[in-house]
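Below is one structure, written out as structure tokens, with a few remarks after it.
Predicted model, so just to flag it, every value in this text is computed and none were measured.
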Amino acid sequence: MHTGGLLTDVFLAAYKVGPRLRERAEMSPSRLVNHQAITSLLDSPEFAELHRETAGDPYAAAMAVLAQAAALRRLLERSQDVQEQAEQAKKAQQDAEGAATAVGEALQQAADEAAEDGTVSAPAADAVQQAIEAAGAAEATARQAAQDAAQALTTAAPGIRAAARTAAAKATEAVREEAALMRAWGVGTGELERMPFDQRARLAERLRTGRLAQWAELIGRFRQMAGGERARKVENATGELVGVTLGNDLSRVILSELAGLGLPELRAVFAARYAAGELMLYDSQGEQTTGQGAVIACVDTSHSMYEAGPGGVTREAWAKACALALLDQAPHAGRDFVGILFSAADKLQVFRFPAGRPTDMARVLDFAETFLGGGTSCQRPLTAAGELLEEEFNDAARTRGDIVMLTDDDCGVTEEWMRGWNDAKHRLGFRVFGVAVGAPRVAEADSVLDALCDNLRSIEDLTDVHAAADLFRVI
């Protein structure tokens, strides 16, 4: 059985941009099962889908082989009888070739022993005759063996085709799932291409098995939403509607104006008013994006954050997906990002991601996967965040940082601490955004968190990423 050879052929077929299959007549009979498997693979629509993902990418092609390996081995095992007949055909062909060689040797022997008049002795003539007969019999046997092998292969071909298609479909799913996983975590194609094979394999394994692995889709939706909000961000982004004005900004055209486009006779009128800047537009008061300093996400990792909401999404998963989107966003504005994980007063971890430096994916995963457990103390992470912004101001004279507090518990702080906090906030000009994750009571008007935050909202549907969309417009 040529399992290794088949896997090599599958890799080359997946990796090469234009794989070429040798003609069946060129193949040794013992390789015909492999040839049929590769032929079935290349001819299948499933492989065409797979090839779009793997061509030119050795890692993806290797992944495809690994995804198909078990199925291809089973295919060869089920084709054992066909393989044995192919091996018999190969041996018969070798025997026929040996018999033909023997005819030549017998003829040479007879010629060497011939008399001067050219006569050949009876034994020599008999040896030639026997060699010819043996060669004929061997040739007939080889032809029959080849026919039997071909017939067996023809009979097995539908099963081989089905197995090859199934294997290719499974491989395509595996390759696409990993690509989607990498995209969800913000690992770009260029970064992957530069990454050594073993490092890429370890990263993929960690993403598949890590603490937030099952929330990759949520993380990806958060990143996509945040990227969309970042793309829409302008100096005076659309905010509260305050009236109607005239202009030619099609993104703000009122519905009654757009309705005219449905009537052919009014389209010319619309075009003329658009050219003159006389379309009726919604007028709004813009949201100001004033941040300059670091973006700091304080993420609660107390035991209560294990709790799941709608769709089975945990509070931790929603909060960390939001924080990871902020981490993705900060460098686009040239801002440092700091992730602070907290729970009880004695449990705090700080992860710093300076702007202008490549993001360390291992460090990102450490931030995402760390869970401290225990109770909740909001005072300590906020103190740490304030100290970081103070340090940034002293080192780089940057102010107007942003702190995002993601928690499911109310904050207990002392009056003395609150006075110092307000002084620091006034001096450094930072803003505090609060997100009560799955705990509406935390965001009530008389809560401590409400007193701490400039902007506070409650998130109850943990499948909803758009509830935080405005954060990404103003941070």
If you define the side chain from C-beta out and look only at heavy atoms, does anything of [X] sit under 4.5 Å from [Y]?
{"X": "Asp336", "Y": "Val295", "answer": "no"}
{"X": "Val465", "Y": "Leu218", "answer": "yes"}
{"X": "Val432", "Y": "Trp421", "answer": "yes"}
{"X": "Phe337", "Y": "Thr359", "answer": "no"}
{"X": "Met405", "Y": "Leu452", "answer": "no"}
{"X": "Leu207", "Y": "Leu365", "answer": "yes"}
{"X": "Arg431", "Y": "Cys453", "answer": "no"}
{"X": "Leu41", "Y": "Arg165", "answer": "no"}

Of all heavy-atom pairs between [X] and [Y], which one has the smallest distance, and what is that distance?
{"X": "Ala345", "Y": "Ser377", "answer": "N-CB, 3.6 Å"}
{"X": "Arg441", "Y": "Asp408", "answer": "NH2-O, 3.8 Å"}
{"X": "Gly311", "Y": "Thr463", "answer": "CA-CG2, 4.0 Å"}
{"X": "Arg380", "Y": "Leu348", "answer": "NH1-CB, 3.5 Å"}
{"X": "Ala368", "Y": "Leu212", "answer": "O-CD1, 3.6 Å"}
{"X": "Ala321", "Y": "Ile219", "answer": "CB-CG1, 3.9 Å"}

Between [atom1] of [X] and [atom2] of [Y], what distance do you get to the nearest 0.5 Å?
{"X": "Met63", "Y": "Glu177", "atom1": "CE", "atom2": "CD", "value": "8.5 Å"}
{"X": "Leu406", "Y": "Leu326", "atom1": "CG", "atom2": "CG", "value": "7.5 Å"}
{"X": "Leu181", "Y": "Leu203", "atom1": "CG", "atom2": "CG", "value": "8.0 Å"}
{"X": "Asp346", "Y": "Leu372", "atom1": "CG", "atom2": "CG", "value": "9.5 Å"}
{"X": "Cys378", "Y": "Leu449", "atom1": "SG", "atom2": "CG", "value": "6.5 Å"}
{"X": "Leu42", "Y": "Leu21", "atom1": "CG", "atom2": "CG", "value": "6.0 Å"}

Output all residues satisfying salt bridge (Lys or Arg N to Asp or Glu O under 4.0 Å) with Asp57, sequence neighbours left out; order by chain, then residue number.
-> Arg200

For side-chain contact (heavy atoms from CB on, under 4.5 Å), just list the numbers for Met361 and Val187, CA-CA rounded to whole Å, side-chain angles, deciding distance to a tenth of an Å, and then say yes or no.
-> CA-CA 8 Å; Met361 194 62 199; Val187 185; 3.8 Å; yes

Please lay out, stage by stage, how Phe47 and Leu50 fare under the test side-chain contact (heavy atoms from CB on, under 4.5 Å).
-> CA-CA 5 Å; Phe47 181 78; Leu50 174 64; 4.1 Å; yes

Pairing residues for [X] by the side-chain hydrogen bond (donor to acceptor under 3.5 Å, both in side chains) criterion, not counting sequence neighbours:
{"X": "Lys170", "answer": "none"}
{"X": "Gln379", "answer": "none"}
{"X": "Asp454", "answer": "Lys425"}

Where the side chain of [X] meets the backbone of [Y], is there a donor-acceptor pair that is under 3.5 Å apart?
{"X": "Thr54", "Y": "Ala14", "answer": "yes"}
{"X": "His303", "Y": "Gly374", "answer": "yes"}
{"X": "Ser447", "Y": "Ala443", "answer": "no"}
{"X": "Gln329", "Y": "Phe472", "answer": "yes"}

Classify the side-chain pair Ser343/Ser302 by whether it contains a donor and acceptor separated by less than 3.5 Å.
-> no

Apply the test side-chain contact (heavy atoms from CB on, under 4.5 Å) to residues Glu444 and Asp410: give CA-CA distance (whole Å), side-chain angles for both, the deciding distance (0.1 Å), then the verdict.
-> CA-CA 10 Å; Glu444 291 176 355; Asp410 202 0; over 6 Å; no

Pair Asp198 + Arg202, salt bridge at N-O below 4.0 Å = yes

When you check the gap from the basic side-chain N to the acidic O, do Arg457 and Asp470 get nearer than 4.0 Å?
-> yes

Does anything in [range] form a salt bridge (Lys or Arg N to Asp or Glu O under 4.0 Å)? List the pairs, not counting sequence neighbours.
{"range": "residues 293-313", "answer": "Glu307-Arg315"}
{"range": "residues 383-397", "answer": "Arg352-Glu391, Glu390-Arg427, Glu392-Arg398"}
{"range": "residues 204-217", "answer": "Glu178-Arg208, Glu205-Arg208, Arg206-Asp366, Arg206-Glu369, Arg211-Glu316, Glu217-Arg221"}

Take Asp450 and Val442 through the side-chain contact (heavy atoms from CB on, under 4.5 Å) test and state the conclusion after the steps.
-> CA-CA 8 Å; Asp450 181 58; Val442 176; over 6 Å; no

ring-ring contact (aromatic ring centres under 6.0 Å, His included) partners of [range], not counting sequence neighbours, each pair once:
{"range": "residues 310-330", "answer": "Phe222-Trp318"}
{"range": "residues 438-463", "answer": "none"}
{"range": "residues 339-371", "answer": "Tyr306-Phe371, Phe351-Phe367"}

After noting the C-alpha distance and the side-chain angles of Arg335 and Asp402, does the key distance pass the salt bridge (charged side-chain N to carboxylate O under 4.0 Å, His left out) rule?
-> CA-CA 10 Å; Arg335 304 174 69 182; Asp402 289 310; 2.8 Å; yes

ring-ring contact (aromatic ring centres under 6.0 Å, His included) involving Trp185 - partner list, sequence neighbours excluded | none

Residues that Gln224 engages under side chain to side chain contact (heavy atoms under 4.5 Å, CB included), provided they are two or more places apart | none

Option among Ile403, Leu389, Leu327, Leu388 that satisfies the side chain to side chain contact (heavy atoms under 4.5 Å, CB included) test with Val338 | Leu388

